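Since the model is a prediction, treat every value here as computed from it, not as a measurement. Numbered from 1 within each chain, the chains take letters A, B, ... in sequence-line order.
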Amino acid sequence: MKITPENARALQDELRTRVVLDEPGPPPGTGHLTGVDVAYDDARDLVVAAAVVLDAATLAVVEEATATGRVRFPYVPGLLAFREIPTVLDALDRLTADPGLVVCDGYGRAHPRRFGLASHLGVLTGLPTFGVAKNPFVFSYDPPGPRRGDFSPLIDDSGNGDRTEVGRALRTQDGVKPVFVSVGHRVSLDNACAHTLRLASAHRQPETTRRADSLCRRVLANESEGAPRN
DNA sequence: GCGACAG
DNA sequence: ATCTTGTCGC
């Protein structure tokens, strides 16, 4: 059956039962960290995904891969994964290196049904994943302290009086707006935040996201100006 | 019913 | 996400 915005929510509820939340994940500074991101050209119906593997100890680029596809799903808040994941999976498949821990541009558990992009990608690939988003989406938080490393809980208070912690607002640079970290698959929140801080030593956003973002934008620009596609 | 709402 | 130049500051 084709996935539509109507049945996508039910699919999320089903896939959510496969998320693993009781593993700490790889310790910071070891193995590989892979950033994934996507860029769109809606007018030309094009989508380009990028996967960039970094050495966790040095943050040096180990390998890059991209994939191009057609836009198959509209942007619907809460259903972002269905729009982004097909092309992201293609890009990951083109990697030779072990992706290690995957860092997504968006949410994991911080999602209306606790199954954001990072959770979805983790379940589909089996890889440890977490998400780092630029906005708090529908959640609330008290501003963390002003220094790099300060954080506060990201709260879902949409329920019946409950205030579930779904992630963290994490300050990655002194005096700069925090990023919003949440667990995807097979990683603890503490560990995800530790990785994020290491990856964001020079900028607000983690190096994984910055690298993947610039790569898919670059490729999309080339594809749009008539370069041969694959 | 209407508006808000990751990217 | 995307549309978009110069400009302020380290």
Q: Does the pair A:Leu189 and A:Phe130 meet the rule for a side chain to side chain contact (heavy atoms under 4.5 Å, CB included), with working shown?
A: CA-CA 8 Å; A:Leu189 184 55; A:Phe130 68 92; over 6 Å; no

Q: Under 4.0 Å between a side-chain nitrogen and a carboxylate oxygen: does that hold for A:Arg16 and A:Asp13?
A: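 So A:Arg16 pairs with A:Asp13 through a salt bridge.
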
Q: Whether A:Arg163 and A:Asp157 form a salt bridge (side-chain N of Lys/Arg under 4.0 Å from carboxylate O of Asp/Glu) is what I want to check.
A: yes

Q: Take N1-N3 plus N6-O4 or O6-N4 for Watson-Crick, N1-O2 plus O6-N3 for G-U, both under 3.5 Å. Which runs of 3 or more such pairs involve DNA chain B?
A: none

Q: Identify the two heavy atoms, one from A:Phe180 and one from A:Asn135, that lie closest to each other, and give their separation to 0.1 Å.
A: CD1-C, 3.5 Å

Q: Would you confirm whether A:Thr87, through its side chain, and A:Thr68, through its main-chain N or O, come within 3.5 Å as a donor-acceptor pair?
A: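 No.
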
Q: Could you tell me whether a side-chain N or O of A:Thr34 sits under 3.5 Å from a main-chain N or O of A:Pro99, the two making a donor and an acceptor?
A: yes

Q: Taking any heavy-atom pair under 4.0 Å as a contact, classify A:Ala39: base, sugar-phosphate, or nothing.
A: sugar-phosphate

Q: A:Leu79 near the nucleic acid: base, sugar-phosphate alone, or nothing, with a heavy-atom cut-off under 4.0 Å?
A: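 Since a base atom lies under 4.0 Å of A:Leu79, the category is base.
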
Q: At a heavy-atom distance below 4.0 Å, which nucleotide of DNA chain B is the first touched by chain A, and which is the last?
A: B:dC5 to B:dG7

Q: Under 4.0 Å, counting only non-hydrogen atoms across every strand here, what does A:Tyr107 touch: a base, just sugar-phosphate, or nothing?
A: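 Base, at least one base atom sits under 4.0 Å.
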
Q: Treating primed atoms plus P, OP1 and OP2 as sugar-phosphate and everything else as base, which nucleotides of nucleotides 4-10 of chain C get B, S or - for protein heavy atoms under 4.0 Å?
A: -------

Q: Name the orientation class of the two ring planes belonging to A:Phe139 and A:Tyr107 (parallel below 30°, tilted from 30 to 60°, perpendicular beyond 60°).
A: perpendicular

Q: Rounded to whole angstroms, how far apart are CZ on A:Phe82 and C1' on C:dA1?
A: 19 Å

Q: Do A:Lys134 and A:Asp105 meet the salt-bridge criterion of a basic N to acidic O distance under 4.0 Å?
A: yes

Q: Just to be sure I understand the rule, does A:Gly131 reach a base, reach only the sugar-phosphate, or reach nothing, if contact means heavy atoms closer than 4.0 Å?
A: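 Here A:Gly131 touches no strand at all.
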
Q: Grab the two heavy atoms, one from A:Val123 and one from A:Leu15, that are nearest each other, plus how far apart they are.
A: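 For A:Val123 and A:Leu15, the tightest heavy-atom pair comes out as CG2-O, 3.9 Å.
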
Q: Could you tell me whether A:Asp37 and A:Arg217 have a side-chain N and a carboxylate O separated by less than 4.0 Å?
A: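 No.
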
Q: Does A:Arg217 put a side-chain nitrogen or oxygen below 4.0 Å from OP1 or OP2 of C:dA1?
A: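 Answer is yes, contact under 4.0 Å.
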
Q: Counting N and O atoms only, with roles assigned by atom type, does the side chain of A:Asp90 sit under 3.5 Å from a partner on the main chain of A:Ala67, one being a donor and the other an acceptor?
A: no

Q: Using a 4.0 Å heavy-atom cut-off, does A:Asp37 contact any base of the nucleic acid, only the sugar-phosphate backbone, or nothing at all?
A: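 Sugar-phosphate, backbone atoms only, no base.
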
